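One structure is given below, encoded as structure tokens.
Every value quoted in this text rests on a predicted model; they were computed, and no experiment measured them. Chain identifiers are assigned alphabetically (A, B, ...) following the order of the sequence lines, protein sequences preceding nucleic acid strands; residue numbering begins at 1 within each chain.
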There are 2 protein chains.
Amino acid sequence: MRSVNRDPKSLINRYINAEFTVMKHLFNEIGEAIPEQLTPEQFQILCVIHQRGSCTSTDLADIFKVVKSSITAIVTRLVDRGFIARTRDEEDRRLVVLSLTELGRSIYEQADQKVQDIVASYLVHFDETEVETFIGTYEKLARLMSEGRSRA
Amino acid sequence: MRSVNRDPKSLINRYINAEFTVMKHLFNEIGEAIPEQLTPEQFQILCVIHQRGSCTSTDLADIFKVVKSSITAIVTRLVDRGFIARTRDEEDRRLVVLSLTELGRSIYEQADQKVQDIVASYLVHFDETEVETFIGTYEKLARLMSEGRSRA
DNA sequence: ATTGAATAGTTCGATTAGTGAACTATTTGG
DNA sequence: CCAAATAGTTCACTAATCGAACTATTCAAT
């Protein structure tokens with residue numbers, strides 16, 4: 001990307017505008033579509049616990065790059081609504097293991113289906129190789145950012 | 001994208017994971033980098049006013065897909081900090097015209113430079129055609145979403 | 001074996017962003 | 001000219017986030 005410095009505005013601004021627009025719309029539509037009024041953050045937390053089976057507050061704080069007290073707050077709301085169970089780990093009693101309840105799993109699966117539908121309804125406008133290339137580049141970017149912090 | 005329905009999870013989940021990861025990191029880094037503690041929302045509002053010269057609360061509410069009272073709140077904070085001026089339109093006295101103060105312009109330009117630097121530091125890992133293809137697809141997606149609401 | 005440091009999590013008080021309903025002020029159109 | 005539409009604000013509420021202070025537990029080093 002030699003031309004970044006010669007032509008700094010155009011590509012980067014196009015990228016930022018697209019990113020903001022897409023993210024805003026996606027979040028809005030997901031917010032509308034998700035049953036039981038799950039926020040995007042709540043949805044993502046259920047998603048991680050669903051994928052892993054269980055996890056801790058510290059795991060979630062690392063994944064989402066927020067401090068642990070933020071996780072406590074969100075998790076408490078989800079526990080109050082019966083979507084998540086908090087279980088003390090008997091091996092290491094400092095740990096609180098988070099897992100989905102049956103209700104939580106069911107809610108997550110409904111929400112996930114809606115998200116799939118929304119995204120699919122957009123992806124249908126692209127041909128397959130375009131999508132694969134796009135996602136490949138996107139994942140590379142996500143990887144760079146996750147590894148990141150080593151850049152200037 | 002015929003295979004979306006046959007192979008529904010993989011591509012869509014990869015896309016969503018990448019989207020969330022990238023957005024999270026980008027917002028975090030922008031938040032850290034922006035001077036004077038501008039939040040991403042505040043930055044985006046200054047950005048729109050900077051691009052347009054001036055605008056109204058209703059414009060901003062439309063652009064960001066939020067209700068007008070949200071805009072009132074953010075704008076009030078930016079006015080309090082001296083970044084934005086509210087001017088009653090004498091033609092149509094219902095309108096409040098928002099514009100950047102000198103300070104606001106200066107703060108925005110500093111923040112914008114940091115954002116450019118952050119994005120450039122990632123784009124440098126890609127070759128130019130890859131970036132152009134990626135952004136092209138991204139903009140197409142953003143366009144579909146903006147037009148959207150007409151889908152199922 | 002004891003104790004001091006690290007780790008896991010919560011609580012509390014603050015700020016920011018967002019919503020919806022009720023409100024004021026102005027303009028417009030039948 | 002008056003009713004409806006438009007523009008914006010205020011208010012009370014919720015969600016997410018932060019940071020500092022706190023409890024409880026485990027680990028490590030002497």
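- A donor atom on one side chain and an acceptor atom on the other are found under 3.5 Å apart for A:Thr76 and A:Arg86.
- Counting heavy-atom neighbours within 6.0 Å of B:Glu90 CD, excluding the residue itself, gives a total above 12.
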Residues B:Glu130, B:Thr133; criterion side chain to side chain contact (heavy atoms under 4.5 Å, CB included); working and verdict: CA-CA 5 Å; B:Glu130 188 176 5; B:Thr133 305; 5.9 Å; no
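- Rounded to whole angstrom, the span from the CG atom of A:Asp80 across to the P atom of C:dT11 amounts to 11 Å.
- Here D:dA16 presents its P atom at 13 Å from CG of A:Leu60, a figure rounded to the nearest Å.
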Base contacts versus sugar-phosphate-only contacts with protein, heavy atoms under 4.0 Å: please encode nucleotides 25-30 of chain C as B, S and - from 5' to 3'. -BS---
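- The side chain of B:Arg86 lies closest to D:dT9 when the candidates are C:dT10, C:dT16, D:dT9.
- Side-chain atoms of A:Ile84 and A:Thr101, non-hydrogen and from C-beta on, never get closer than 4.5 Å to each other.
- At least one side-chain heavy atom of B:Gln42 sits less than 4.5 Å from a side-chain heavy atom of B:Ile74.
- Counting non-hydrogen atoms under 4.0 angstrom, B:Ala73 reaches nothing in the nucleic acid.
- Spacing between atom CZ of B:Arg77 and atom P of C:dA14 amounts to 16 Å, rounded to whole angstrom units.
- With a 4.5 Å cut-off on side-chain heavy atoms, A:Leu98 and A:Leu60 count as touching.
- The nearest whole Å value for the distance from the CG atom in B:Leu38 to the P atom in C:dT16 is 12 Å.
- Set against D:dG8, C:dA17, D:dA15, the side chain of B:Val96 has D:dG8 as its closest nucleotide.
- Note: CD1 (A:Ile74) to C1' (D:dT14) measures 13 Å, nearest angstrom.
- Within residues 63-72 of chain A, the residues approaching DNA chain C are A:Lys68, A:Ser69, A:Thr72, by heavy-atom distance under 4.0 Å.
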Please evaluate residues A:Phe126 and B:Leu144 with respect to the criterion side chain to side chain contact (heavy atoms under 4.5 Å, CB included), reporting the C-alpha separation (whole Å), side-chain torsions for both, the decisive distance (0.1 Å), and the verdict. CA-CA 11 Å; A:Phe126 297 81; B:Leu144 283 169; 3.6 Å; yes
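- Contact annotation: B:Gln42 side-chain N/O to C:dA17 OP1/OP2 distance is under 4.0 Å.
- If you measure from atom CD of B:Gln37 to atom P of C:dA14, you get 18 Å, rounded to the nearest angstrom.
- Between A:Thr76 and C:dT10, a side-chain N or O to OP1/OP2 separation shorter than 4.0 Å is absent.
- For D:dA16, the OP1/OP2 oxygens have a side-chain nitrogen or oxygen of A:Thr39 closer than 4.0 Å.
- For B:Leu95 and D:dA5, the CG to P distance is 18 Å, given to the nearest whole Å.
- B:Ile84 has its CD1 atom 13 Å from the P atom of D:dG8, to the nearest Å.
- Put simply, the side chain of B:Val66 reaches to within 4.5 Å of the side chain of B:Ile71, judged on heavy atoms.
- The aromatic ring centroids of B:Tyr108 and B:Phe43 lie less than 6.0 Å from each other.
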